[in-house]
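Just below is one structure, and these are the notes that go with it.
The chain is numbered in sequence order, starting from 1.
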Amino acid sequence: PPSPPTRHLPRDVAHVGAGGAGEAVAARPLLGHQHVAAGRAEEQHRRFRGADRPFRRGAARTGAMAMAAEAEEEVTAEEIGSQVALEYGQAMTVRVCKADGETMPVVVVQNASVLELKKALRRHVQLRQARQGGVQHLSWKYIWRTYHLTYAGEKLADDRKKLREYGIRNRDEVSFIKKLRK
């Protein structure tokens, strides 16, 4: 007989962008009562996902059901892990603002470095492009040669320095600015 499904999330939660393209890093382990809450949330998510199965079997699917099914397939395990980590305060959202006014919310662990933020930004852009069917390849070497990140007028020049050392906290905005020619 198959073993019963696990009711709890793993002790280490993976985060989007903390380790870069497809990599995951271990976050602070959840406390016992948090495991129970996370297990309940996971169970509710499974029930919600299974609630539409009778509709999926039918020949006629509404447009909303089709969009929901497509959206469900697009969500990655990394994104779910990031949302759980945000809920437990293990991660933070840094808003990266481009010159054209677009803001990209990027999730990183609380003690992330500038390099980890750059990797998370890269992963965010890659996922968005894959979903929208846009340009599939960007030269990130060129991008980081041409642009830099700033916070409160200060360049985030040292990739090893922690975001916290620059004063960056949850929901702070970092600007993506073109470098001036020398």
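- Within 6.0 Å of atom CD in Glu87, 12 or fewer heavy atoms from other residues, nucleotides or ligands are found, so the atom counts as exposed in its surroundings.
- Screening Gln129, Arg123, His124 for a side-chain contact (heavy atoms from CB on, under 4.5 Å) with Leu127, the sole residue that qualifies is Arg123.
- Note on Val106: it does not cluster hydrophobically with Ile177, by side-chain heavy-atom contacts below 4.5 Å among ILVMFWY residues.
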Step by step, would you call Met104 with Val125 a side-chain contact (heavy atoms from CB on, under 4.5 Å)? CA-CA 9 Å; Met104 297 176 283; Val125 171; 3.9 Å; yes
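- Judged by distance alone, with hydrogens and angles left aside, the side-chain atoms of Gln110 form a donor-acceptor pair with the main-chain N or O of Ala91 at under 3.5 Å.
- In this structure, CH2 on Trp144 lies 12.0 Å from OG on Ser139, to the nearest 0.5 angstrom.
- Every pair passing salt bridge (charged side-chain N to carboxylate O under 4.0 Å, His left out) that includes a residue from residues 90-100 is listed here, sequence neighbours excluded: Lys98-Asp100, Lys98-Glu102.
- For the residue pair Thr76/Glu79, the side-chain donor-acceptor check at 3.5 Å is satisfied.
- Within the model, atoms CG of Asp172 and CG of Leu163 stand 10.0 Å from one another, a figure rounded to the nearest 0.5 Å.
- At a threshold of 4.5 Å between side-chain heavy atoms, the hydrophobic network of Ile, Leu, Val, Met, Phe, Trp and Tyr places Tyr147 and Leu138 in one connected group.
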Practice item. Just do the side-chain contact (heavy atoms from CB on, under 4.5 Å) check on Met92 and Val108 with the steps written out, would you? Key: CA-CA 6 Å; Met92 65 179 172; Val108 292; 4.0 Å; yes
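- Looking at heavy atoms from C-beta onward, Thr93 lies in side-chain contact with Asn170 at the 4.5 angstrom threshold.
- Two residues are said to be in side-chain contact when any heavy atoms from C-beta on lie closer than 4.5 Å; Phe176 and Thr103 fail this criterion.
- Within the 4.5 Å cutoff, the side chain of Leu121 has no heavy atoms near those of the Val94 side chain.
- Going from atom CD of Gln90 over to atom OG of Ser82 covers 11.0 Å, rounded to the nearest 0.5 Å.
- Applying the salt bridge (charged side-chain N to carboxylate O under 4.0 Å, His left out) test to residues at least two apart or on different chains, the pairs with a partner in residues 147-161 are Lys118-Asp159, Asp158-Arg160.
- Between Gln83 atom CD and Tyr88 atom OH the span is 13.0 Å, to the nearest 0.5 Å.
- Atom CD1 of Ile143 is separated from atom NE2 of His148 by 14.5 Å, given to the nearest 0.5 angstrom.
- Lys179 is not listed as a side-chain neighbour of Arg145, based on a closest heavy-atom distance of 4.5 Å or more.
- The closest donor-acceptor contact from the side chain of Lys162 to the backbone of Asn111 lies under 3.5 Å.
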